[in-house]
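Letters go in sequence order (proteins before strands), and every chain restarts at 1. Excluded from the calculations below are hydrogen atoms, water molecules and symmetry mates; all remaining heavy atoms, backbone and side chain alike, are included. Everything numeric in this text was worked out from a predicted model, so none of it was measured.
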There are 2 protein chains.
Amino acid sequence: MNPKFYNLPIEKQQAVINAGFHVFSQNSYKKSPMSEIAETAGISKSLLFHYFTNKKELYLFLWDTSARITVEEMEKNGCYEQADLFDSMEKGMQVKLELMRKYPDIGMFSIRAFYEKDPEVRDEVHKIMNHYLQIHAAAKLAALDPDDFLPGIDLDLMYREMYLASEGYLWEKMQSGNIDVTEMEQDFRKLIDFWKAIYMRKPKGADEK
Amino acid sequence: MNPKFYNLPIEKQQAVINAGFHVFSQNSYKKSPMSEIAETAGISKSLLFHYFTNKKELYLFLWDTSARITVEEMEKNGCYEQADLFDSMEKGMQVKLELMRKYPDIGMFSIRAFYEKDPEVRDEVHKIMNHYLQIHAAAKLAALDPDDFLPGIDLDLMYREMYLASEGYLWEKMQSGNIDVTEMEQDFRKLIDFWKAIYMRKPKGADEK
DNA sequence: TCCTCTGTTAACCGCTGCGGTCAATACAAA
DNA sequence: TTTGTATTGACCGCAGCGGTTAACAGAGGA
């Protein structure tokens with residue numbers, strides 16, 4: 001890619017990146033036109049080709065960028081260091097949502113890229129992913145103390161169920177298109193509180209109305 | 001559409017329908033080629049155009065079919081008559097899953113059609129949907145007895161959380177592509193049991209290990 | 001004033017793939 | 001052999017694709 005891309009004002013860079021995220025998140029790789037990305041970003045197609053030699057390069061640049069940004073932001077906010085499960089989930093979700101304020105389609109783009117099957121990019125997508133993944137192979141969920149939770153509860157199922165609900169929520173929001181991060185934050189906070197109240201071991205004789 | 005379509009052997013009809021569900025569930029309306037649908041169904045493009053005069057007609061036929069089939073199947077299995085919430089959820093999900101055994105992409109197709117923005121089909125999609133929707137405006141969730149559940153639990157949130165988890169699960173499975181309905185049924189049964197064990201009012205002095 | 005350098009674009013090119021048509025098949029029944 | 005029907009390959013005009021290129025706009029220096 002052309003390093004002059006970084007000389008652009010940051011807003012313009014982000015406009016291009018977001019345009020890429022958006023178009024590639026709506027269509028498969030093959031059916032995502034460069035012209036549409038350029039138009040969405042507010043620049044000409046020629047200029048887009050001036051910064052990225054071809055479509056494949058732009059795509060892989062975006063994929064790398066999304067992964068890099070996510071890991072960076074997670075580290076910066078100490079998401080990999082939380083002891084409490086709910087804190088960890090909340091922190092992680094907060095970071096993701098905060099990210100989506102700057103890059104509304106980064107989540108959906110990542111998911112589609114992860115499952116992209118086009119042979120032109122498939123292999124390299126996985127190569128890049130593994131590069132970022134090996135940094136944080138999280139076996140940390142195994143280190144939960146069952147005494148903190150409802151007696152007899154299946155911790156694996158509990159975690160999976162929370163994960164699924166989060167995914168379902170995100171997915172539902174993304175489908176509708178109008179993303180309000182603040183509202184999502186509130187919704188998610190409510191969900192976490194709900195889980196906390198239900199799943200955690202009750203202190204003896206606590207509040208029951 | 002050409003009524004001779006119904007003279008086809010049922011497997012062939014279903015092949016066409018499933019091919020349509022599949023292609024339209026992967027791409028937007030505009031970017032779903034008729035040729036790909038024909039090829040997936042194992043017939044020639046010409047024949048497809050022989051049964052459906054144009055793309056729009058095929059699309060709306062599929063949309064109507066998916067809605068009709070779903071409502072029919074729900075009614076046939078008494079999904080709209082369950083008293084217990086969990087039974088109702090389980091029954092409904094079972095029907096959906098059973099449907100997906102016959103029409104693997106019907107779920108994803110419905111979702112995409114619901115959010116389709118192309119002006120060529122948008123209005124009529126909503127018209128058809130409302131036609132089927134008004135039959136079953138479900139206000140029945142309001143009729144829950146709080147005494148059946150954990151004291152103080154927020155029933156709305158509980159229901160929403162279960163709904164989200166189901167959506168998230170379906171969405172996750174659909175992304176990966178390889179759909180095993182039997183496995184999904186087991187997974188979902190587990191989730192329901194999990195919810196039941198957690199959310200329902202405990203009988204006094206019941207099993208705690 | 002002219003030149004140069006950089007960022008930017010409109011116009012273009014060859015090609016693919018689209019929605020849709022149609023004349024020609026294969027083939028069963030009469 | 002004829003007739004009617006299910007089915008297709010080849011075709012058409014066109015839109016839109018990835019990518020190229022020659023030209024333009026404008027700021028700065030001589």
Side-chain angles (χ1 to χ4, degrees), chain A residues 1-17 19-20 22-63 113 116-122 124, chain B residues 1-17 19-20 22-63 113 116-122 124:
Chain A
M1 70 165 297
N2 192 331
K4 287 178 185 173
F5 176 69
Y6 295 115
N7 295 349
L8 283 176
I10 308 132
E11 339 137 4
K12 214 78 190 174
Q13 290 183 41
Q14 282 195 7
V16 171
I17 291 175
H22 183 73
V23 174
F24 281 123
S25 74
Q26 302 284 343
N27 320 101
S28 67
Y29 170 75
K30 202 175 185 179
K31 300 194 178 179
S32 296
M34 290 290 270
S35 52
E36 199 178 320
I37 298 175
E39 195 185 8
T40 307
I43 63 175
S44 70
K45 193 178 64 163
S46 327
L47 191 53
L48 190 56
F49 272 104
H50 181 232
Y51 289 128
F52 302 92
T53 52
N54 54 36
K55 185 161 138 179
K56 180 178 173 179
E57 193 186 272
L58 170 59
Y59 186 76
L60 293 177
F61 166 79
L62 288 172
W63 175 236
E116 177 62 57
K117 288 184 185 68
D118 196 307
E120 196 176 335
V121 293
R122 208 201 131 132
E124 287 177 77
Chain B
M1 71 167 295
N2 192 332
K4 288 178 185 172
F5 176 70
Y6 295 114
N7 295 348
L8 283 177
I10 308 130
E11 339 137 4
K12 215 76 189 173
Q13 289 183 40
Q14 281 194 8
V16 171
I17 291 174
H22 183 72
V23 174
F24 281 122
S25 75
Q26 302 284 343
N27 320 100
S28 65
Y29 169 75
K30 201 175 186 179
K31 300 197 177 176
S32 296
M34 289 291 271
S35 53
E36 199 177 320
I37 297 174
E39 195 186 9
T40 307
I43 64 175
S44 70
K45 193 178 64 165
S46 326
L47 190 54
L48 189 58
F49 272 104
H50 181 235
Y51 290 127
F52 303 92
T53 53
N54 53 37
K55 187 161 139 179
K56 180 178 173 180
E57 193 186 270
L58 170 59
Y59 186 76
L60 293 177
F61 166 79
L62 288 172
W63 175 236
E116 178 61 56
K117 287 183 186 66
D118 196 307
E120 196 176 337
V121 293
R122 207 200 132 137
E124 286 178 77

*Apply side chain to side chain contact (heavy atoms under 4.5 Å, CB included) to A:Lys55 and list each qualifying residue two or more places apart in sequence or on a separate chain.*
A:Phe24, A:Tyr29, A:Met34

_For nucleotides 8-26 of chain D, give me one character per nucleotide, 5' to 3': B if any protein heavy atom sits under 4.0 Å from the base, S if the only such contacts are to the sugar-phosphate, - if neither._
BB-------SBBBB-----

_How would you summarise protein contacts on nucleotides 23-30 of chain C per nucleotide, using B for base, S for sugar-phosphate only and - for none, with heavy-atom distances below 4.0 Å?_
--------

_Which residues pass the salt bridge (charged side-chain N to carboxylate O under 4.0 Å, His left out) test with A:Glu124, not counting sequence neighbours?_
A:Lys56

Test item: [X] side-chain N/O and [Y] main-chain N/O as donor-acceptor pair under 3.5 Å:
X       : Y       : result
B:Asn2  : B:Phe5  : no
A:Lys31 : B:Lys31 : yes
B:Gln13 : B:Leu8  : yes

*Please report the shortest heavy-atom distance between B:Tyr51 and B:Glu57, naming the atom on each side.*
O-OE2, 4.1 Å

*Specify the closest pair of heavy atoms between B:Asn27 and A:Ser28, including all atoms of both residues, with the distance to one decimal.*
ND2-OG, 4.4 Å

*asked:* So, OP1 or OP2 of C:dT8: does either fall under 4.0 Å of a side-chain N or O from A:Tyr51?
replied: yes

_Interatomic distance, A:Leu47 atom CG to A:Phe52 atom CZ [nearest 0.5 angstrom]_ = 10.0 Å

*Not counting sequence neighbours, which residues clear side chain to side chain donor-acceptor pair (under 3.5 Å) with A:Thr40? List them please.*
none

_Between the side chains of B:Glu36 and A:Lys30, is the shortest nitrogen-to-carboxylate-oxygen separation below 4.0 Å, so that they form an ion pair?_
no

*Check each residue of residues 1-10 of chain B for a non-hydrogen atom within less than 4.0 Å of any atom in DNA chain D, then write out the ones that pass by number, or none.*
B:Lys4, B:Leu8

